[in-house]
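Encoded as structure tokens, the structure appears first; notes follow it.
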Amino acid sequence: MTDSLLERAPAHALLADGTTVCIRSATAGDHDRLKGFYDDMSSENLRLRFFSVSRRSAAMAADRACAPARPGYRALLAEARGRVLGLAEYETGDDKGSAEISIAVADGLHHRGVGTLLVEHLVSAARADGITTFTADALSENREVLRLFSDLGLHTSRRFEGPETRCTIRLDQDDTYLTAVEARGRAADVASLRPLLCPEAVAVVGAGRKPGSVGRAILHHIHTGGYTRRLFAVNPSVTSVLGVPCYPSVGSLPVTPDLVVVAVPAAAVAACAEECGKAGVRALLVVTSGLGPDQAQALRAACRTHGMRLVGPNCLGISNTEARLSLDATFAAGHPRPGAAGVAVQSGGIGIALLDGLSRLGIGVSSFVSLGDKYDVSGNDMLQWWETDGRTDLALLHLESFGNPRAFSRTARRVARRMPVLTVDAGRSPAGRRAAASHTAAAATPTMTRRALFTQAGITAARSVGELLEAAALLHSQTLPEGNRVAIVTNAGGAGVLAADACAEAGLVLPPFTPATTDALLAVLPDGAVIGNPVDATAAVTEEQLTDCVDALMADPGVDAVLVVLVPTALATATGDDLVRALTGAPGRRPKPVLAVRLEQDLPVRLLPAADEGGTIPSYAEPQAAARALAHAAARAAWLARPAGTVPALDDVGTERAHALADAHLAAHPDGGWLDPRTCADLLACYGIPQIPWAWAETEDDAVRAAERLRGADGRVVMKAHWPGLVHKSEERAVHLDLRGEPQVRAAFRDLETRFGGLMTGVVVQSLARRGTELFAGVVQDEVFGPLVLFGLGGTATEVLADHAARLAPLTDHDVHDLITSPRCAPLLFGTRGNGPVDLEALEQLLMRLSRMAADLPQLAEADFNPVLATPGGVTVLDARIRLLPRRPQDPYLRRLR
């Protein structure tokens, strides 16, 4: 049996009501508690569990769960504060791919999700152990357990056998199951965050009498921010602080607070958390910084033991502007303006900048969380909160790290369908990255990995806080464009040229207008106007003329957005015209986005009030900012318009054989390493990845015989040296090309043997490939993000040219399409200069099968296919390198807290 994650460490997770439980393997030390767990059960609960009211059956069940570990059996228990809440078990029989399961939940804890959570963890452990099916017997009257099985999201069938029902559950981890797990997790997560973001009572520990302390500043913010519920301070030296009643300890408060703000020295944080937990506090906000490893561990342990959600440490605080609450537990300079944007940041400084920018723009904030060192509450939690709070329509994130990127990606992808999700792409520099061992590892930069996550999840990624606010202003105020076609109109020709350059650099298109639009513009604009794109309306344009011009451009079916670039002129001042009013004076929201650029504007971006109450028009100080924001909006519109991709089913995949090959290699090489050519070829064959015909040779005569077999119509072969650890054969000059006849084959072998005699273990002899497009495909297993699939131009210059695209596995059909079309070399694949297209279907298959291999094998550290030869007749891997490491499978979608 595989040693699964659960045996290495307990997992904490949330029940349906938001309380925290620990899921772990049962041990011999649990025997007395498990026996008590069964002894406390009602007769009816025992009957439903054991089909009879038998205390003897209960004792035997405790004995079985606490017996020494044995193949084919696993028992997981759920506990909270030392009490066993439930137990789930499975045991295999003769068929090692199937196991029988049983579940028991303590009296009084039904309908809180204990059994479902246990079964989810049991399913994950069973998959890691190679089990594909669960069976379970239940009394037909036991509707609760039968409903539990049917609601899991797994394919379940039933067979009635007298008073009993036999359930068969397939353990396929498909999208239906993941969606069901997500829905349960979202409900539990939101419930657990309510004491944090909507507390009925708050206490601040560490609020002193002297000005200048963080605790006092937060207490002042809560007090002056209009918090409508009960507020206390904890300080043993005084009876009140800032007019807020003060008590000597958390335990002495007249009511137990939902939320406690901890602003004490680092050495006192863990003890304070323990006191809060014992008092029944549900959530902590720890602003203290500088915790050492032992202090951090003690804080985490206190929160997990007592079921408290934690924000921080080392953070700015939290805020919820809901009118009925008005909680501002931060030490920012001012109170945030209530509004529609949810904000979660790791950097307090970034948080202050976003709070200020959103308030200035008038967008405002629904809720704000400074995550700090992110011991517990994360961006994933906040996305789920905003998804359900009924107030947020814009999500802004600044995340420096990802605890579970694949779970985050699924959540963000779902939330982004409902509202824009924006982030700052922080930490783009690869400084300090170690030298990579292969082309794949060299290409897989942190920036590429993060951008793959953002692109696949539909997240709008900006390069700075300023760009984030620029995009937020447009996405909040305007409808999305249907495409990337922009019409520019200006009252100054030079400014229009700048805007045209900015749009082109942002990937936007300036289309020609229809004849009808051209005629309409000529009819409304003053003499001397230039009707092109950009439209130079001249300095003589009036407010009325500009309004008619914008309306005409709006009516053009080839225009998706209108960008109006204005400069102040004496002519407009003299006539009393307000050209900006041409944009803001129209009643109702226009059907296409309208943006303004005012070169004299003092702030980078403003939202100008429109005629209709509540409407706004974004105005930028630079055309580059407007173009970037519009490009982000167009990209979001394109992402929304495309249906969600699916992971294609593949034929002829030998997953079990692949696992056996990986296990055998790691058994012989416990530290891992590069596969030898034969094992590498066997692994590729498991996934139907096409390879050029080849043979292994360890002697000169073997090489001659191999060349004779592989020699094509032109009689030429290729010889490549091999030894463990050899990666870049060309750089080592370990390749001989275009070998003709026995003498050249013998000479090539002798040359390699002479130069690499102390290293070389043999040679690979291949047929000489025909001409085609040399490509590169590979996988690198990121420690945080999981497997990343890369694709691009191949050959010896692949790293120099760096023409690569990347997506996180498993790839959907849309991801594969994006991989093929994103590199600069893509036109070569679709046919150019008289050459026909390569076999695109075969190329898609190659990438899908590579993705499947990466998803199946967590031990796959790197796969490097270079070159991959693409021709109209097919796609073939000419050289493949695969490196395995002794990694254990982990379920990224299993419900558990950080």
Side-chain angles (χ1 to χ4, degrees), residues 10 12 14 18-22 79-83 192-209 213-219 222-223 227 229-242 244-315 317-318 327 329 331 372-377 897-898:
H12 291 85
L14 298 171
T19 57
T20 303
V21 297
C22 177
E79 64 178 356
R81 301 194 181 201
R83 179 192 175 192
S192 76
L193 294 176
R194 189 159 294 279
L196 176 72
L197 292 167
C198 298
E200 292 296 322
V202 177
V204 179
V205 181
R209 289 175 295 180
S213 72
V214 171
R216 183 184 175 94
I218 292 178
L219 183 66
I222 299 174
H223 190 47
Y227 178 59
R229 313 298 165 85
R230 302 189 70 176
L231 176 62
F232 308 100
V234 174
N235 188 322
S237 303
V238 293
T239 57
S240 71
V241 178
L242 298 172
V244 176
C246 199
Y247 293 82
S249 65
V250 173
S252 65
L253 293 169
V255 297
T256 300
D258 289 320
L259 171 65
V260 170
V261 181
V262 179
V264 299
V269 166
C272 180
E274 184 67 24
E275 180 189 7
C276 291
K278 290 179 178 178
V281 172
R282 297 288 303 280
L284 293 185
L285 166 61
V286 179
V287 298
T288 307
S289 61
L291 273 66
D294 292 341
Q295 295 165 338
Q297 180 58 33
L299 171 60
R300 288 190 180 98
C303 290
R304 291 293 173 258
T305 299
H306 299 289
M308 298 182 290
R309 296 307 306 263
L310 167 66
V311 168
N314 186 26
C315 68
I318 64 174
L327 172 67
F331 55 95
D373 291 340
K374 209 168 62 169
Y375 284 8
D376 176 23
V377 175
L897 295 172
R898 292 166 61 86

For residues 197-207, pull every pair meeting salt bridge (charged side-chain N to carboxylate O under 4.0 Å, His left out), keeping only residues two or more places apart or in separate chains. Glu200-Arg229
Enumerate the residue pairs fulfilling salt bridge (charged side-chain N to carboxylate O under 4.0 Å, His left out) with a member in residues 293-313, sequence neighbours excluded, ordered by first and then second residue. Asp189-Arg309, Arg304-Asp376, Arg309-Asp376, Arg309-Asp381
Working to the nearest 0.5 Å, report the span between [atom1] of [X] and [atom2] of [Y].
X	Y	atom1	atom2	result
Arg898	His12	CZ	NE2	15.0 Å
Leu285	Ile218	CG	CD1	6.0 Å
Glu274	Leu299	CD	CG	10.5 Å
Leu897	Leu14	CG	CG	4.5 Å
His306	Thr20	NE2	OG1	11.5 Å

Which atom names give the shortest non-hydrogen contact between [X] and [Y], and what distance separates them?
X	Y	result
Asn235	Gly208	ND2-CA, 3.8 Å
Cys246	Val234	SG-C, 3.9 Å
Cys315	Val286	SG-O, 3.5 Å
Ala267	Gln295	CA-NE2, 3.5 Å
Phe232	Ala201	CE1-CB, 4.4 Å
Thr288	Pro265	CG2-C, 3.9 Å

Side chain to side chain, [X] and [Y], heavy atoms closer than 4.5 Å:
X	Y	value
Pro257	Val281	yes
Leu219	Leu231	yes
Val269	Pro313	no

Using a 3.5 Å distance criterion without hydrogens, assess whether the side chain of Glu275 forms a donor-acceptor pair with backbone atoms of Val250. yes
Could you pull out all residues at least two apart from Tyr375 that satisfy ring pair (Phe, Tyr, Trp, His ring centres under 6.0 Å)? none
How far apart are the C-alpha atoms of Leu259 and Leu327, what are their side-chain angles, what is the distance that settles it, and do they pass the side-chain contact (heavy atoms from CB on, under 4.5 Å) test? CA-CA 11 Å; Leu259 171 65; Leu327 172 67; 4.3 Å; yes
Against Val377, only a single residue in Leu196, Ile318, Leu197, Leu284 fulfils side-chain contact (heavy atoms from CB on, under 4.5 Å); can you say which? Leu196
